[in-house]
Structure formats: structure tokens, C-alpha cells
Amino acid sequence: MLNKFPFISKNISYKFPIFLIDEVQDTNEIQMNILKIILNQPNISDFIFIGDFNQAIFEWNGANPEQFKALMKKHDVIKLNENWRSSQEICNFSFKLSNNSSPSSSVSELKEFDYTPEIISYDNLDVIITYFLNVCKENDIVINEDNVAILTRGNSLLYEILGKKSFIIKIFGLK
């Protein structure tokens with residue numbers, strides 16, 4: 001539609017002369033083409049793309065982080081080296097999994113949290129659940145729905161975890 005009716009992208013650019021696109025590593029080709037059309041309008045005063053290749057999670061849905069790399073070759077890049085979400089231990093650990101420099105933790109409450117993250121292979125879900133519960137117990141962590149988050153890369157593992165009724169009962173005390 002934007003190619004067929006150029007006045008649409010022109011009107012959008014007049015209404016929004018500044019664009020900030022977050023999580024750009026998860027954009028797909030169609031979304032990126034729409035952005036390119038709008039951002040090529042003469043009255044766009046500024047645009048900022050924010051993203052991290054190592055956090056690309058929507059490739060299953062057509063996202064293409066390589067498009068982000070192409071943008072980086074055409075425009076100025078500012079690399080951030082502070083992390084406002086994680087402890088220094090997590091920053092150091094995640095550095096080993098990527099080719100980025102290790103960021104420094106900037107959250108005073110988390111900075112000194114000394115639990116070292118670890119990768120646990122997914123062979124047997126019951127073993128992982130038991131291990132998780134034991135780590136919580138050893139660290140005097142009272143488990144409830146306010147302090148436990150389950151992060152999985154895909155829905156299938158999440159559904160498998162949630163399907164384990166004993167796991168839900170152990171964590172949240174639900175019947």
C-alpha cells in the first residue's frame with residue numbers, strides 16, 4: 001500500500017518525524033520494508049534502531065537479524081556496554097555465549113548478587129525441575145508466583161513444564 005499510495009508514508013512521516021524502533025533484531029522483511037519506505041521521506045528528522053543479535057527470538061516468525069546488520073553498515077552505531085537488568089555474574093556468563101564484550105552491571109541491587117548462572121542440558125524435565133527446586137532450597141529462596149519466572153526459547157518446553165502438575169504444586173502450592 002505504501003508503494004502504491006506514497007502519500008500515506010508522507011503523512012506518517014509528517015505526523016511522526018522521529019522514529020525509535022526497539023528490538024529491531026526481531027523485525028521481519030515486510031516490517032523492515034515498511035520502515036525503509038517511511039524513513040526515506042524527506043521530513044524524517046531522526047531515527048534510532050535498538051537491538052541485539054544475541055537476543056533474536058522471533059526467527060520462527062520470519063524475523064531476520066541480518067537486516068539489522070545491514071542497517072549497522074549504513075548508519076552510525078553506538079555500542080552499549082551497561083546492563084540494567086542483570087548481576088555482574090550474569091553479564092560475565094552471557095559474555096561467554098556471545099562475541100560481545102562483557103557489559104558491566106549498573107543495577108546496584110543486583111550488581112553484587114553472586115549466584116553464577118549455569119547451562120543445564122535438557123535431557124529429562126523432572127531432573128531439571130528437581131535441580132531447580134534444590135537450588136532454591138539451598139539458597140533459602142521461598143518459591144512463589146512473585147519470584148519465579150520460567151523462560152524458554154519456544155512454547156513447546158513451556159507447555160511441557162506447565163503440564164507437570166507436580167511442578168506447579170511444588171512451586172506454588174496449588175492443588
Side-chain angles (χ1 to χ4, degrees), residues 1-6 8-111 113 115-123 125 128 132 146-162:
M1 295 241 333
L2 294 179
N3 285 328
K4 188 172 181 179
F5 303 105
I8 295 173
S9 59
K10 189 174 184 178
N11 287 343
I12 291 171
S13 69
Y14 277 112
K15 179 113 174 128
F16 306 102
I18 300 172
F19 274 76
L20 186 146
I21 312 297
D22 196 8
E23 305 295 350
V24 74
Q25 75 277 358
D26 287 327
T27 56
N28 63 37
E29 189 174 345
I30 293 170
Q31 293 165 328
M32 191 57 73
N33 286 335
I34 290 169
L35 287 171
K36 285 177 185 176
I37 292 169
I38 295 170
L39 296 176
N40 280 326
Q41 294 301 314
N43 50 302
I44 293 292
S45 63
D46 205 358
F47 57 91
I48 301 168
F49 294 104
I50 301 170
D52 181 351
F53 304 111
N54 296 309
Q55 293 184 16
I57 59 173
F58 287 108
E59 291 179 72
W60 61 269
N61 197 24
N64 183 356
E66 294 301 316
Q67 295 175 124
F68 185 32
K69 284 185 183 178
L71 284 173
M72 289 177 63
K73 291 178 183 175
K74 293 180 184 178
H75 303 284
D76 294 334
V77 174
I78 299 172
K79 292 189 177 189
L80 304 176
N81 63 355
E82 289 183 33
N83 184 305
W84 289 85
R85 297 179 183 170
S86 304
S87 70
Q88 191 60 51
E89 285 288 338
I90 291 174
C91 291
N92 295 343
F93 182 81
S94 63
F95 163 71
K96 296 174 190 174
L97 303 174
S98 72
N99 57 359
N100 294 335
S101 60
S102 181
S104 60
S105 177
S106 297
V107 181
S108 58
E109 299 86 37
L110 293 175
K111 194 172 194 140
F113 184 68
Y115 184 78
T116 303
E118 54 190 302
I119 295 176
I120 302 169
S121 64
Y122 176 72
D123 294 329
L125 188 56
I128 292 172
F132 169 76
D146 294 325
N147 69 358
V148 173
I150 300 170
L151 176 64
T152 63
R153 185 150 182 131
N155 287 340
S156 61
L157 178 57
L158 179 62
Y159 293 141
E160 189 175 344
I161 291 169
L162 294 175

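In this structure, the side chains of Leu39 and Phe19 come closer than 4.5 Å at one or more pairs of heavy atoms. Within the 4.5 Å cutoff, the side chain of Leu2 has heavy atoms near those of the Ile38 side chain. Side chains of Met32 and Leu71 form a contact here, defined as non-hydrogen atoms less than 4.5 Å apart. Between Ile50 and Glu23 there is no side-chain heavy-atom pair separated by less than 4.5 Å. Looking only at side-chain heavy atoms (C-beta outward), Asn64 and Asn28 stay at 4.5 Å or farther from each other. Between Gln25 and Ile57, every side-chain heavy-atom pair lies at or beyond the 4.5 Å cut-off. Side-chain contact between Ile21 and Val24 is present, with at least one heavy-atom pair separated by less than 4.5 Å.
With sequence neighbours left out, the side chain to side chain contact (heavy atoms under 4.5 Å, CB included) criterion links Glu29 to Asn33, Gln67.
To the nearest 0.5 Å, the span separating CD1 on Ile8 from CD1 on Ile37 amounts to 10.0 Å. From Phe68, atom CZ reaches atom CG of Asp52 across 8.0 Å, with rounding to the nearest 0.5 Å. Distance check, rounded to the nearest 0.5 Å: OG of Ser9 to OH of Tyr14 gives 11.0 Å. With values rounded to the nearest 0.5 angstrom, His75 atom NE2 is found 12.5 Å from Ile48 atom CD1. Here CE of Met1 is found 11.0 Å from CG of Asn3. Values are rounded to the nearest 0.5 Å.
For the pair Pro17 and Asn43, the tightest heavy-atom approach, listed with the atom from each and the gap, is CB-O, 3.7 Å.
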Full working for side-chain contact (heavy atoms from CB on, under 4.5 Å) between Leu35 and Phe49
CA-CA 11 Å; Leu35 287 171; Phe49 294 104; 4.1 Å; yes
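Within 6.0 Å of the CD1 atom in Ile30, the count of heavy atoms belonging to other residues, nucleotides or ligands does not exceed 12.
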